[in-house]
Colleague: 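My questions all concern the structure below.
Please read all numbers here as calculations on a predicted model, not as lab measurements. Chain identifiers are assigned alphabetically (A, B, ...) following the order of the sequence lines, protein sequences preceding nucleic acid strands; residue numbering begins at 1 within each chain. Quick note: numbers below take in every heavy atom, side chains included, and nothing from hydrogens, waters or symmetry partners.
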Number of protein chains: 2
Amino acid sequence: MMPIQDALEALNGKWKLLIISSISLGNNRFKEIERSIPKISSKVLAKELKDLENNKLIKRTISDYSSVLTEYTLQPHAETLKDVLIALRDWGKLHRKAIIDK
Amino acid sequence: MMPIQDALEALNGKWKLLIISSISLGNNRFKEIERSIPKISSKVLAKELKDLENNKLIKRTISDYSSVLTEYTLQPHAETLKDVLIALRDWGKLHRKAIIDK
DNA sequence: CAGAATCCTTCGCGATACTG
DNA sequence: CAGTATCGCGAAGGATTCTG
């Protein structure tokens with residue numbers, strides 16, 4: 001039971017897994033991520049990115065003096081989350097069939 | 001992306017997956033579930049159980065006129081969530097090692 | 001572009017007490 | 001036992017504006 005609780009705590013909120021998924025799909029810039037996730041605001045995105053960075057799930061790299069080229073990449077530790085994402089995505093499809101569509 | 005969002009929406013909050021996990025471990029009565037999840041309150045549990053029922057993830061069965069024998073069981077549709085739970089639990093262990101312990 | 005600042009509203013959730 | 005009823009706080013999140 002406890003490991004699940006640990007995981008849920010690190011991934012709390014409705015955004016973190018989506019952000020990780022987005023980055024893993026090749027969106028590495030702030031605006032790219034923002035555009036890839038419908039309805040997220042820049043404020044929330046900034047905050048979630050910090051959380052993820054603190055939890056060592058992503059890495060922030062500033063490769064430009066003017067900070068216009070900040071990039072976010074997954075840490076190895078987040079790579080292992082892909083199994084979760086896959087399972088979640090598979091279930092999401094089933095769920096949509098079962099509930100949302102009729 | 002969207003299926004993940006669907007899944008996250010159905011499983012929102014920090015309790016639903018824990019509840020499903022608990023039921024899958026054999027806790028079928030209200031009090032059993034409550035006791036198995038540290039820190040959850042009866043109010044929150046009642047509300048989450050309703051949500052899960054509405055989403056057809058669990059089934060509520062009253063087998064006594066005085067409602068003292070209510071039981072909660074997983075719907076087939078929730079069984080497919082076990083892959084998510086397994087992935088999450090595996091990752092939770094890693095995460096604990098990586099972050100929480102030093 | 002990549003955010004920070006501010007203001008404001010909603011909501012998850014806890015605490016406590018009560019009911020059939 | 002299996003919940004319901006109230007109260008209330010703090011955090012999450014939306015909208016908008018601003019900055020280097």
Colleague: With respect to the side chain of B:Ser42, which nucleotide from D:dA12, D:dG14, C:dA17 is positioned closest?
Modeller: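 So the nucleotide nearest the side chain must be C:dA17.
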Colleague: Let me spell it out: for each of B:Val68 and B:Glu48, pick the nucleotide of DNA chain C with the closest heavy atom. Which residue's pick is nearer the 5' end?
Modeller: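 Going by which nucleotide is closer to the 5' end, it is B:Glu48.
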Colleague: Within less than 4.0 Å of OP1 or OP2 of C:dA2, is there a side-chain N or O belonging to A:Arg35?
Modeller: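 So the side chain of A:Arg35 is outside the cut-off, no N or O lying under 4.0 Å from OP1 or OP2 of C:dA2.
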Colleague: What I want to check is whether an N or O donor and acceptor connect the side chain of A:Lys43 with the base of D:dG13 at under 3.5 Å.
Modeller: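 Check passes, donor-acceptor contact within cut-off.
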Colleague: Taking the nucleotide of DNA chain D with the nearest heavy atom to each, does B:Lys47 or A:Gly13 sit closer to the 5' end?
Modeller: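 Nearest nucleotide further toward 5': that of B:Lys47.
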Colleague: Tell me what A:Lys14 touches on the nucleic acid: a base, only sugar-phosphate, or nothing, going by heavy atoms under 4.0 Å.
Modeller: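 Here A:Lys14 touches the backbone only, sparing every base.
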Colleague: Please determine whether a side-chain nitrogen of the Lys or Arg among A:Glu53 and A:Lys50 lies less than 4.0 Å from a carboxylate oxygen of the Asp or Glu.
Modeller: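 Salt bridge flag = no for A:Lys50 with A:Glu53.
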Colleague: May I ask you to say what A:Thr70 touches in the nucleic acid, namely base, sugar-phosphate or nothing, with a heavy-atom cut-off under 4.0 Å?
Modeller: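 Touches sugar-phosphate only.
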Colleague: Measuring from the side chain of A:Lys50 (C-beta onward, heavy atoms only), which nucleotide among C:dA4, D:dG13, C:dC13 has the closest atom?
Modeller: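 Within the option list, the nearest is C:dA4.
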Colleague: Does D:dA2 have OP1 or OP2 sitting under 4.0 Å from an N or O in the side chain of B:Arg29?
Modeller: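 True: B:Arg29 side-chain N/O within range (under 4.0 Å) of D:dA2 OP1/OP2.
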Colleague: Nearest to the side chain of B:Lys31, which nucleotide is it out of D:dG14, D:dA2, C:dC1?
Modeller: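 Taking heavy atoms from C-beta onward, the closest nucleotide is D:dA2.
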Colleague: Select one nucleotide: of D:dG3, C:dG3, C:dC1, the one nearest the side-chain heavy atoms of A:Phe30.
Modeller: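 Output: C:dG3.
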